[in-house]
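Encoded as structure tokens, the structure appears first; notes follow it.
Remember, predicted model here, so these are calculated numbers, not experimental data. In what follows, chains are A, B, ... by sequence order, proteins preceding strands, each numbered from 1. For the numbers below, each heavy atom of this structure counts, side chains included, while hydrogens, waters and symmetry mates do not.
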Amino acid sequence: MKIAFAIEAGDDLGALVSVNFGRAPRFLIVDTDSANATVTFDNPHSNDERGAGPGTVGTLIGHGCNSAVAGQFGPKALSALEAAGMTPYTALKGATVNETLNAVVAGNLKPYNIQRF
Amino acid sequence: MGQRLAVEWGSATPTTWLRAPLFGALDAADARGVAMAVEWAPDAALVAAEDAAWVAGPDVEWGGAAAETSIKQQRTSKMAGKRRIAIAADDTKGLDGEVSLHFGRCPAYVVVDVDGDDLVETKVVENPYLMNHQPGLVPHFLAQLGADVILAGGMGPRAIGMFQDFGIEVATGIGGNAGRVLQAYLAGRIQGIVPCNHDHDHEHGEGCGEHGHGHGHEHEN
């Protein structure tokens with residue numbers, strides 16, 4: 001599967017996960033079916049005034065991503081991710097792509113879920 | 001102050017429910033098999049761990065490779081004192097209605113005054129920015145209403161920051177019936193809490209920052 005990580009900067013698994021999703025500066029996509037091959041690129045929506053979240057989801061759909069990881073997701077991003085069938089995961093402050101990837105793969109990091117009451 | 005609980009990260013202990021929130025507090029090299037001592041306080045401590053680890057910035061004393069850390073309790077489990085809680089709503093049914101995923105584009109807010117766990121007054125306020133939401137408008141609006149807390153489905157970091165700038169605590173990642181969400185919040189069961197980022201030592205129930213009760217807003221009857 002292809003997991004998209006919102007990152008601050010860099011090109012490798014040591015990159016720090018970004019707190020932003022729609023306004024993340026860059027994305028790193030890991031293909032776990034291809035020996036963790038990675039693709040990185042600047043986020044074309046990072047400076048969008050409105051709709052950065054859904055726009056970014058669109059970009060990730062184009063890359064065939066199954067999941068997205070960032071520190072936080074806004075409501076429009078969450079709706080767009082749900083509509084796209086992509087699973088959101090929230091990473092932790094200071095976490096790297098590698099640590100978070102391991103946690104996702106090992107099942108220690110659960111998908112972001114709305115707590116329903 | 002609470003029990004001291006030793007946990008081994010990654011092991012199948014009851015503490016695995018601490019899971020990811022504390023992951024970020026660990027140094028990368030020590031991320032696995034690290035023994036940590038966590039100073040624990042009732043109920044809302046998990047909430048404190050999550051929000052401490054992410055947004056508020058943990059009050060963590062880090063002993064390097066020795067990996068002993070204590071996370072300072074930021075919230076008490078029982079809210080004391082008067083608070084005004086705004087709940088983003090998908091309808092105008094008040095506490096019988098549904099919490100909205102979109103805090104800025106929802107039709108209304110349920111504004112609840114509580115005293116500790118007791119409900120004092122509830123009203124439904126329509127969202128004046130429903131059709132023309134822009135960043136910053138709703139946090140300002142809710143601050144003018146005297147809200148101490150906003151409960152909503154989803155919120156990005158920029159909006160969270162704006163609420164924090166107004167001294168409003170944020171609880172996100174919640175949905176369902178507004179009344180039950182309110183009860184869950186009062187019981188300290190909501191995980192997605194982002195506290196105000198003022199520096200303060202007082203109990204959170206006293207109100208956040210300089211705008212506790214009695215700050216001059218009008219109560220509509």
Worksheet item: Tell me, do A:Val104 and A:Ser67 make a side-chain contact under 4.5 Å, heavy atoms counted?
Response: no
Discussion item. Enumerate the ring-ring contact (aromatic ring centres under 6.0 Å, His included) contacts for residues 86-114 of chain A, please, sequence neighbours excluded, ordered by first and then second residue.
Written reply: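 Counting only pairs at least two positions apart or across chains, no ring-ring contact (aromatic ring centres under 6.0 Å, His included) contact touches residues 86-114 of chain A.
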Worksheet item: Between B:Arg180 and B:Tyr185, does any side-chain donor sit less than 3.5 Å from a side-chain acceptor?
Response: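 B:Arg180 vs B:Tyr185: no donor-acceptor pair found between side chains.
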Between side-chain atoms of residues 51-58 of chain A and protein atoms elsewhere (two or more places apart, or another chain), which donor-acceptor pairs fall under 3.5 Å?
residue, atom, partner, partner atom, Å
A:Thr56, OG1, A:Gly22, O, 3.2
A:Thr56, OG1, A:Ala52, O, 2.7

Worksheet item: Residue by residue, which of residues 34-43 of chain A have a heavy atom closer than 4.5 Å to a heavy atom belonging to chain B?
Response: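 Checking residues 34-43 of chain A against chain B gives no residue, so none.
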Fill in: Engaged part of A:Asn113 at the chain B interface, taking heavy atoms whose separation is under 4.5 Å
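For A:Asn113, backbone heavy atoms alone lie under 4.5 Å from chain B.
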Discussion item. Restricting to salt bridge (charged side-chain N to carboxylate O under 4.0 Å, His left out), what partner residues turn up for A:Asp48, sequence neighbours left out?
Written reply: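 For A:Asp48, no residue satisfies salt bridge (charged side-chain N to carboxylate O under 4.0 Å, His left out) once neighbours in sequence are set aside.
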Worksheet item: Which one, B:Ala184, B:Ala152, B:Pro157, leads in non-hydrogen pairs under 4.5 Å with chain A?
Response: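 Between B:Ala184, B:Ala152, B:Pro157, the count favours B:Pro157.
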Worksheet item: Do you know which of B:Gly173, B:Gly176, B:Ala178 has the most heavy-atom pairs with chain A at a distance under 4.5 angstrom?
Response: B:Gly173
Discussion item. With a sphere of 6.0 Å drawn around CD of B:Glu126, does it hold more than 12 non-hydrogen atoms of other residues, nucleotides or ligands?
Written reply: no
Worksheet item: Of B:Val110, B:Leu186, B:Ile150, B:Asp148, which meets side chain to side chain contact (heavy atoms under 4.5 Å, CB included) against B:Ile85?
Response: B:Leu186
